There are 2 protein chains.
Amino acid sequence: MAKRDHAQVCAEFCTHPEILDKVKPEMPDEERLYDLAELFKVFGDTTRIRILYVLFESEMCVCDIAELLNMTQSAISHQLRVLKQARLVRSRREGKTVFYALDDDHVRTIIGQGMEHLEESHGRRKKHEEDL
Amino acid sequence: MAKRDHAQVCAEFCTHPEILDKVKPEMPDEERLYDLAELFKVFGDTTRIRILYVLFESEMCVCDIAELLNMTQSAISHQLRVLKQARLVRSRREGKTVFYALDDDHVRTIIGQGMEHLEESHGRRKKHEEDL
DNA sequence: CAAACATATGAACATCTGTTCATGTGTTAG
DNA sequence: CTAACACATGAACAGATGTTCATATGTTTG
């Protein structure tokens, strides 16, 4: 039961049945799409991105990261938990300190592609800075 | 002025100066990291992910997408605006209808890598479902 | 055991985000 | 021009999110 009330949301000649029928079976299950969005949410925060960048260079303990990013130990710890739950980092205990490291090479690719996109779309953005 | 008050946030022997000095210059500017996080925020929503998946198959008009995803035309339009501002989709007018299409091939790579990560980390997750 | 330290975590709070609802804009047909 | 339609958008509201603060857990040292 599609939501077509207000006017009539596209007459029949607008919704192209061939396309709809072709696209529908290609869609992954809702659960996969949900998990995927959840994963990208993890990348969608400056603090977590900065943490990942820091870990590109070397494994590191919590307080090192906190100092590097000039943030509270608590804030960093909370975010490391999010990154760990997303399987993007792993932790290793050594005495009192806990070392965190990247746990997946897809991270580099994803962030790299994100950066490339920024470069490229920035290049394209010339004379129409704001086109809302 | 790093925030080291509560206890002392890691004694000097914990924060490894060599590592800090090595990592610091490798960090991109704050602005780039902010933009990157903003970009991934766009991927961090089920509706937008579903829209992108739909556009993988074919360019499409707003009401087609709304019908496919069984959502309001308004909701879809709002999200298309977000995707367009992030330069992930472009639009083309043809009479009354507006067609949207992917505007960047990095999108496929990024989503593909995200999916791969899910497969892989799902595989690794065996006997420790919840390890908060 | 107690003290010191590195890290983890729960609650609270302010901010951000996505959808809905109502309405505005741009285009075509009559 | 007017009506109908496809789409865009502003305001508002509920739900999600990140940081802070206080405190708990786990480890080493004496």
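In this text the structure is predicted, and so the values were computed from the model without any measurement.
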Nearest-Å distance, [atom1] ([X]) to [atom2] ([N])?
X	N	atom1	atom2	answer
A:Leu83	D:dT17	CG	C1'	14 Å
B:Phe99	D:dA8	CZ	P	12 Å
B:Ile76	C:dC21	CD1	C1'	16 Å
A:Asn70	D:dT20	CG	P	10 Å
B:Arg92	D:dC7	CZ	C1'	15 Å
A:Arg81	D:dT25	CZ	C1'	14 Å
B:Gln79	D:dG10	CD	P	15 Å
B:Glu94	C:dT28	CD	C1'	13 Å

Residue whose nearest DNA chain C nucleotide is more 5′ - A:Leu80 or B:Gly95
A:Leu80
Distance-only donor-acceptor test, [X] side-chain atoms vs [N] base atoms, 3.5 Å:
X	N	result
A:His78	D:dT20	yes
B:Gln73	D:dA8	yes
B:Ser74	C:dC21	yes

So, with a heavy-atom separation below 4.0 Å from DNA chain D, the residues of residues 36-49 of chain A are A:Lys41, A:Asp45, A:Thr47, A:Arg48
Where do B:Ile49 and A:Tyr34 land on the side-chain contact (heavy atoms from CB on, under 4.5 Å) test, with the steps shown first?
CA-CA 9 Å; B:Ile49 286 280; A:Tyr34 176 81; over 6 Å; no
Taking B:Leu83 as the fixed residue, which of B:Val89, B:Asp45, B:Leu55, B:Asp103 is the one that meets the side chain to side chain contact (heavy atoms under 4.5 Å, CB included) rule?
B:Val89
Just wondering, do B:Leu102 and B:Leu88 contact through their side chains at under 4.5 Å, heavy atoms?
no
Side-chain touch B:Met115/A:Pro28, heavy atoms, less than 4.5 angstrom
yes
Do the side-chain N or O atoms of [X] get closer than 4.0 angstrom to the phosphate oxygens (OP1, OP2) of [N]?
X	N	answer
B:Ser77	D:dC7	no
A:Thr97	C:dA6	no
A:Tyr100	C:dA8	yes

Verify whether one side chain among A:Ser58 and B:Lys22 offers a donor that lies under 3.5 Å from an acceptor in the other.
no
With sequence neighbours excluded, what pairs up with B:Asp104 under the side chain to side chain contact (heavy atoms under 4.5 Å, CB included) test?
A:His117, A:Glu120, A:Arg124, B:His106, B:Val107
Candidates D:dT28, C:dG26, C:dT9 - which lies nearest the side chain of B:Arg93
C:dG26
Nearest to the side chain of A:Lys96 - C:dT9, C:dT19, D:dG26?
D:dG26
Under 4.0 Å between a Lys/Arg side-chain N and an Asp/Glu carboxylate O for B:Glu30 and B:Arg32?
no
